[in-house]
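Bear in mind the structure is a predicted one, so any value in this text is a computation, not a measurement.
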There are 2 protein chains.
Amino acid sequence: MKIAELSKLTQVTSKTIRYYEEIGLLPEPARAANGYRVYQQEDVERLSFIRRCRDLQIPLEEIKKVLGCDHGNACEGHNNHVDDLIAAQLERVKKAKIELEALEQTLTGLLDGCDDKNSSQCNILHNLRAH
Amino acid sequence: MKIAELSKLTQVTSKTIRYYEEIGLLPEPARAANGYRVYQQEDVERLSFIRRCRDLQIPLEEIKKVLGCDHGNACEGHNNHVDDLIAAQLERVKKAKIELEALEQTLTGLLDGCDDKNSSQCNILHNLRAH
DNA sequence: TATAAAGCTTCCAGTAACAGGAAGGTCAAC
DNA sequence: GTTGACCTTCCTGTTACTGGAAGCTTTATA
């Protein structure tokens, strides 16, 4: 199949597919006589997996490790554990959530008249607001 | 004062200070005979404000608007409302939190044996895990 | 006084994960 | 035969910086 079909099947744009190839996340596909990329069924599976990971906001580097494409490894095997991948991502997400929680509180506090006048954050923002 | 002192007072690196100048967030400072940048007290206040906004993860473009440095405006006035700035950021943060919440649930579900076998996400990940 | 270290300058490259667009070749349909 | 869709490569831009090179000046030390 050509790149447009792979794109449709995986919901990943042609642009992104070429990008993944460039960074070594997808193997270089065969080429037709006219130079067009030719993909196989296994490419659909591999790219679908990548797509799902990206939906989970797992960084490309992490996905690369699990797919075994790093360190000159020619992207053949699946040696690492998907569970670890997911667990690591869950940790990142939890951490990010905690940070956003704190941010939300600070912002809400600033909007609610900034009761905590001891906060330097508050003071500076208000000084400049009064300007 | 020289750039290192401004840096210490505001907790913003010299590198970042020059960057802010480059993108027009800070006005071009006076120069000493040797070419060194020379800053005033008002630069401390302006940069502190920027620093506080960045702590709140407000994008530089938003800060720029509030400080009135856009559209060739020479960075003199503070015309817009800090409240709006904060409210807009609060909205962004809330939205991001909701997304992370959903992500966390999905990831947790995947770790907990992926009960929802109907999810294509689950299936694909598990197929590849079994591989 | 010599020299080394610290601090300043400018400019260039890299980060994450693509998207947009230019310039040009190819293929199918009308 | 020509329009339009699809393919190719290459280059730029995005956000908010950080790191580093090359080359000044200034300050501290031996």
Tell me if a side-chain donor or acceptor on A:R92 pairs with a main-chain N or O of A:I58 at a distance below 3.5 Å.
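It does not hold such a pair.
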Main-chain N/O of A:L85 paired to A:E62 side chain as donor or acceptor, under 3.5 Å
no
I'd like a table of atom pairs between the protein and nucleotides 10-17 of chain D - only N or O on both sides, under 3.5 Å - with the distance next to each one.
{"residue": "D:dA16", "atom": "OP1", "partner": "B:L60", "partner atom": "N", "Å": "3.3"}
{"residue": "D:dA16", "atom": "N7", "partner": "B:Y19", "partner atom": "OH", "Å": "3.3"}
{"residue": "D:dC17", "atom": "OP2", "partner": "B:Y20", "partner atom": "OH", "Å": "2.7"}
{"residue": "D:dC17", "atom": "OP2", "partner": "B:R54", "partner atom": "NE", "Å": "2.8"}

Distance (rounded to the nearest 0.5 Å) between [X] [atom1] and [Y] [atom2]:
X: A:K94; Y: B:L103; atom1: NZ; atom2: CG; value: 13.0 Å
X: A:M1; Y: A:I3; atom1: CE; atom2: CD1; value: 11.5 Å
X: B:I86; Y: B:C53; atom1: CD1; atom2: SG; value: 7.5 Å
X: A:T106; Y: B:L56; atom1: OG1; atom2: CG; value: 6.5 Å
X: A:K8; Y: A:S14; atom1: NZ; atom2: OG; value: 10.5 Å

Is there a side-chain contact between [X] and [Y] (heavy atoms, below 4.5 Å)?
X: A:L67; Y: A:F49; value: yes
X: B:R31; Y: B:R37; value: yes
X: B:D43; Y: B:P27; value: yes
X: B:Y20; Y: B:R46; value: no
X: A:R18; Y: A:L26; value: no

Check each residue of residues 29-38 of chain A for a non-hydrogen atom within less than 4.0 Å of any atom in DNA chain D, then write out the ones that pass by number, or none.
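Heavy-atom cutoff 4.0 Å gives A:R31, A:G35, A:Y36, A:R37.
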Test A:E61 against A:K64 for salt bridge (charged side-chain N to carboxylate O under 4.0 Å, His left out), laying out the working first.
CA-CA 5 Å; A:E61 278 306 314; A:K64 222 176 187 176; 3.8 Å; yes
For A:K2 and B:I3, take the nucleotide of DNA chain C holding the closest heavy atom to each; which residue's nucleotide lies nearer the 5' end?
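Comparing both residues, the 5'-ward one is B:I3.
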Can you pull out the residues from residues 91-104 of chain A that lie within a 4.0 Å heavy-atom distance of DNA chain C?
none
What's the CD-C1' distance between A:E22 and D:dT8, to the nearest Å?
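In whole Å, D:dT8 C1' lies 14 Å from A:E22 CD.
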Please report, rounded to the nearest Å, how far the P atom of D:dG20 is from the CZ atom of B:R18.
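Nearest whole value for this atom pair: 15 Å.
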Would you work out how much the helix from C:dT1-D:dA30 to C:dC30-D:dG1 bends between its ends, with each end axis defined by five base pairs, to 10 degrees?
30°
With a 4.0 angstrom cut-off to heavy atoms of chain B, pull out the first and last contacting nucleotide of DNA chain C, in 5'-to-3' order.
C:dG7 to C:dT10
Pairing residues for B:E104 by the salt bridge (Lys or Arg N to Asp or Glu O under 4.0 Å) criterion, not counting sequence neighbours
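Checked B:E104 against salt bridge (Lys or Arg N to Asp or Glu O under 4.0 Å); matches are A:K97.
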Run the salt bridge (charged side-chain N to carboxylate O under 4.0 Å, His left out) test on A:R52 and A:D55 for me, step by step, so that the C-alpha distance in whole Å, both residues' side-chain angles and the decisive distance to 0.1 Å come before the verdict.
CA-CA 5 Å; A:R52 289 303 160 200; A:D55 284 347; 3.0 Å; yes
Is B:I23 touching bases, backbone alone, or none of the nucleic acid, heavy atoms closer than 4.0 Å?
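Nothing, no nucleic acid heavy atom in range.
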